[in-house]
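Here is the structure we will look at, set down as structure tokens.
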Number of protein chains: 2
Amino acid sequence: MPDAAPHRPQQRSAETREKLVEAALQVFAERGFEGATTRAIVDRAGVALAALPYHFKTKELLWRAVADHSFGRFAEQFSARIAGLEGVDSRTRLRLLLGDYVRFAASHPELHRFMQDASSESTERLRWLVEHHVRPMYETLAELAELPRTTGADAWHPGHLLYAVIGTVATPYAHAAEFELLTGERPDQKQLIDRHIDMLLGLFLPGSEGASHE
Amino acid sequence: MPDAAPHRPQQRSAETREKLVEAALQVFAERGFEGATTRAIVDRAGVALAALPYHFKTKELLWRAVADHSFGRFAEQFSARIAGLEGVDSRTRLRLLLGDYVRFAASHPELHRFMQDASSESTERLRWLVEHHVRPMYETLAELAELPRTTGADAWHPGHLLYAVIGTVATPYAHAAEFELLTGERPDQKQLIDRHIDMLLGLFLPGSEGASHE
DNA sequence: GTCTATATTATGATAGAC
DNA sequence: GTCTATCATAATATAGAC
């Protein structure tokens, strides 16, 4: 790591951008695009109000930067795993990917909340998001996991299967506060995450239970 | 139906309240609590701005009225079915309830969006919602469906199972705009709803497929 | 019970000093 | 690049006429 405290200008700038994007992801996920105020975002980022229009021009463009950042992190998280899946049989592939996805959703519940907020209306923002991030990700996943075929259920609509996986994986974490109030337990504890993965394997890949905690 | 056009005062009042609650449900679901403006709500309801504070005092109290209304309709939808389930074996019970739930979620995707918005932060609103509506509903369902036992999976955490069911059922409809942009098909068509139910039966009650479209 | 008009506060974005 | 101060608009809620 280079010298601390007073950084070079372009480094400070990059840090401010980074802080704004991370804070904006949280606030967009918590309060939705319309409910997220620029003041709440800059307060959480610990930067001045005017830093936001300086770096991103508008709230809308900040939102796009947040989407790029989040899907980038999602892809990054999986690229190492995916590289190691060459030649692995598709059942094992699915098992490993599902565990990864659950752990990702548990540590980044904001992504699913962000997506549901974007999907609640058919806006230009949503069209941009689908074409730039959702469709490319979907095509990669479909190819990699051969989703419809390996489950042995050709009759299932690929959209239903996709949203069933997303829904079962992400809902406990997207509704974490509700989950905790209802059950008294936090869904993002390691122990509960492992039980969650076991349940999902039982649901989507019967016979694969218990082999997920590597 | 009583006489049309110029109604009696208390009837007009009830109609205004009803229009406000229905409009507010849509707007809260689309834009979240913070993003929902009272102007957007009264515009959609077709009433004057001042009608909102007159009938509900604050946006917060309107939100509670929306929750009461939505969970009331949910319970109502199921009470007829539930009354007919006396003595029916629990597998059949689950099959029928699941189909009902999918059809409900397809025609009322707002309820799931409303819930996820409420769950995105641990607020006083969420606590109120869990204690007044979520927990009572959960206890009724758990009792009725004997959820954990009939699936033959005692090891599953009841919270995981609950949110897995909610997630698989509601996600395609909560993300309907995204689903349509991605697949080119609307998830709320009757044909796709029936395929969705078949998939869910295959997932949660293997062996029960195809018998759901009554 | 419902409306028009308005008080008050909060919002997104900008200007200009540093 | 970042800050303080500020503009123009839009928000929730209220007052008072009808």
All pairs passing salt bridge (charged side-chain N to carboxylate O under 4.0 Å, His left out) where residues 119-139 of chain A contributes a residue, at least two apart: E124(A)-R127(A), E131(A)-R135(A)
By the side-chain hydrogen bond (donor to acceptor under 3.5 Å, both in side chains) test, which pairs, at least two apart or in different chains, include something from [range]?
range	answer
residues 105-115 of chain B	none
residues 59-80 of chain B	E22(B)-H69(B), E22(B)-R73(B), D68(B)-H133(B)
residues 43-58 of chain A	E30(A)-R44(A)

Could you work out how much the helix from dG1(C)-dC18(D) to dC18(C)-dG1(D) bends, comparing the axis of its first five pairs with that of its last five, to 10°?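 End axes: 0° apart.
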Can you check the H55(A) NE2 to dT14(C) P distance for me, whole Å?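 Value for this atom pair: 15 Å.
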Would you kindly give the CD1-to-P distance between I41(B) and dA10(D), to the nearest whole Å? 18 Å
Measure across Y138(A) and P158(A) and return the closest heavy-atom pair with its distance rounded to 0.1 Å.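 What the structure gives for the nearest pair is OH-CB, 3.2 Å.
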Indicate, with a heavy-atom threshold strictly under 4.0 Å, whether A40(A) touches base, sugar-phosphate, or nothing. nothing
Residues in side chain to side chain contact (heavy atoms under 4.5 Å, CB included) with [X], at least two apart?
X	value
A106(A)	Y173(A), I193(A)
A40(B)	V27(B), T37(B)
S119(A)	L126(A), H175(B), E178(B)

Pairwise N/O distances under 3.5 Å, protein to nucleotides 13-18 of chain D:
{"residue": "dA13(D)", "atom": "OP2", "partner": "K59(B)", "partner atom": "N", "Å": "3.2"}

Residues in salt bridge (charged side-chain N to carboxylate O under 4.0 Å, His left out) contact with D100(A), at least two apart in sequence or another chain: R81(A), R103(A)
Kindly write out the residues that satisfy side chain to side chain donor-acceptor pair (under 3.5 Å) with Q189(A), not counting sequence neighbours, or none if the list is empty.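 Here no residue qualifies.
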For DNA chain D, determine which residues of residues 18-35 of chain B have any heavy atom closer than 4.0 angstrom to one of its atoms, and list them numerically. none
